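The structure displayed is predicted, hence computed values, not measured ones. As the structure lists them, so they are numbered: ligands from 1, and atoms in each ligand from 1.
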Amino acid sequence: MSLYAGFDLGGTHLKYGLINEKGEVVFNDKSTTPPSMDDLIPLLRKTWETLKRRERERIAAAGFGFPGIFSLEEQKIFQSPNYPEIDNIDLIPALSRFVKVPFWVDNDANMATFGEFKRGAGQGVQSMVLLTLGTGIGSGIILEGKLWHGKCGFAGELGHVIVNPNGERCKCGSQGCLETESSAPKIVKNYKSLTKTKEDITAEDVYHRAKKGDQAARDAFAQAGFYLGIGLASTINFLNPEKILLGGAVTAAGDFLLSPALEEARRRSYKASFACCIIEKAALGNKAGFIGAASWAKEQMKK
Ligand SMILES: [Zn+2]
């Protein structure tokens with residue numbers, strides 16, 4: 001039985017693994033993401049060779065999810081706000097030197113969306129949006145049962161839709177993007193500005209304080225949730241999707257973030273459209289990206 005390899009490059013980890021013909025994960029692991037491009041290709045090569053050694057000739061194809069907007073025409077990442085090292089790098093020739101089976105490269109959030117659609121909480125739907133909330137905000141769209149790339153491959157960047165015109169400057173060049181208003185760093189920033197603390201804390205610390213009853217911590221999540229709700233309302237009114245899945249580490253904050261987000265989404269969207277959209281947590285956690293990339297490769301091979 002053939003196997004399909006999937007790779008998902010994130011800001012902190014390279015997640016990778018193998019799925020079988022049924023789409024089941026048969027192996028997965030992760031490595032720390034190197035800070036420079038000089039080390040990234042050698043790491044991908046080492047990882048690929050490890051998988052090949054494990055499974056010999058059984059790997060039929062591979063998929064790679066990279067952060068940033070990926071041009072379908074030029075097969076390059078044009079702009080990666082959180083990993084600028086890979087901007088305009090000739091990924092395909094670099095990978096071709098050692099990957100000797102058919103492979104596909106795509107945006108990481110698109111691959112995670114495809115993973116949830118094929119193997120996670122989006123199975124069986126015809127339309128859905130996945131939002132992954134972490135250090136950044138990634139998203140992807142399934143329409144009419146297919147991954148929606150847009151004309152050049154850049155669709156699904158809900159993280160860079162404006163939810164607050166006077167908000168924070170974003171690495172994408174804009175201002176007040178969903179990513180700058182509702183991601184983990186903004187939750188920390190909200191908390192620091194509410195409490196005037198100079199402590200070195202993470203969004204997870206803010207969450208633990210919220211759980212203990214710290215009102216400023218709860219407000220920090222509520223502020224982020226408010227803008228997330230605006231983003232959700234726009235998505236609901238614009239696409240009328242069957243499902244919106246929320247994934248990423250920040251969703252672990254649960255109701256501290258999601259209650260204000262859903263309240264705002266309900267308030268700002270068409271009642272009927274909100275009512276027919278299921279908003280729920282994604283199912284595959286941080287495995288969605290590599291499962292999606294492997295599933296994408298598997299699907300392309302069948303075409
Ligand atoms: Zn942006």
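- Side-chain atoms of Thr197 and Glu199 include a donor-acceptor pair closer than 3.5 Å.
- Expressed to the nearest 0.5 Å, how far CG of Leu9 lies from CD1 of Ile86 amounts to 6.0 Å.
- For the pair Glu179 and Ile137, the tightest heavy-atom approach, listed with the atom from each and the gap, is OE1-N, 2.8 Å.
- Considering Leu232, Leu130, Val129 as possible partners of Leu246, the one that fulfils the side chain to side chain contact (heavy atoms under 4.5 Å, CB included) test is Leu232.
- Checked options Ile89, Asn107, Leu91, Ile69; the residue passing with Ile77 is Leu91 (criterion: side chain to side chain contact (heavy atoms under 4.5 Å, CB included)).
- Ordered by chain and number, His160 ND1, Cys170 SG, Cys172 SG, Cys177 SG make up the set of protein N, O or S atoms under 2.8 Å of the Zn ion (ligand 1).
- For the residue pair Asn164/Tyr227, the side-chain donor-acceptor check at 3.5 Å is satisfied.
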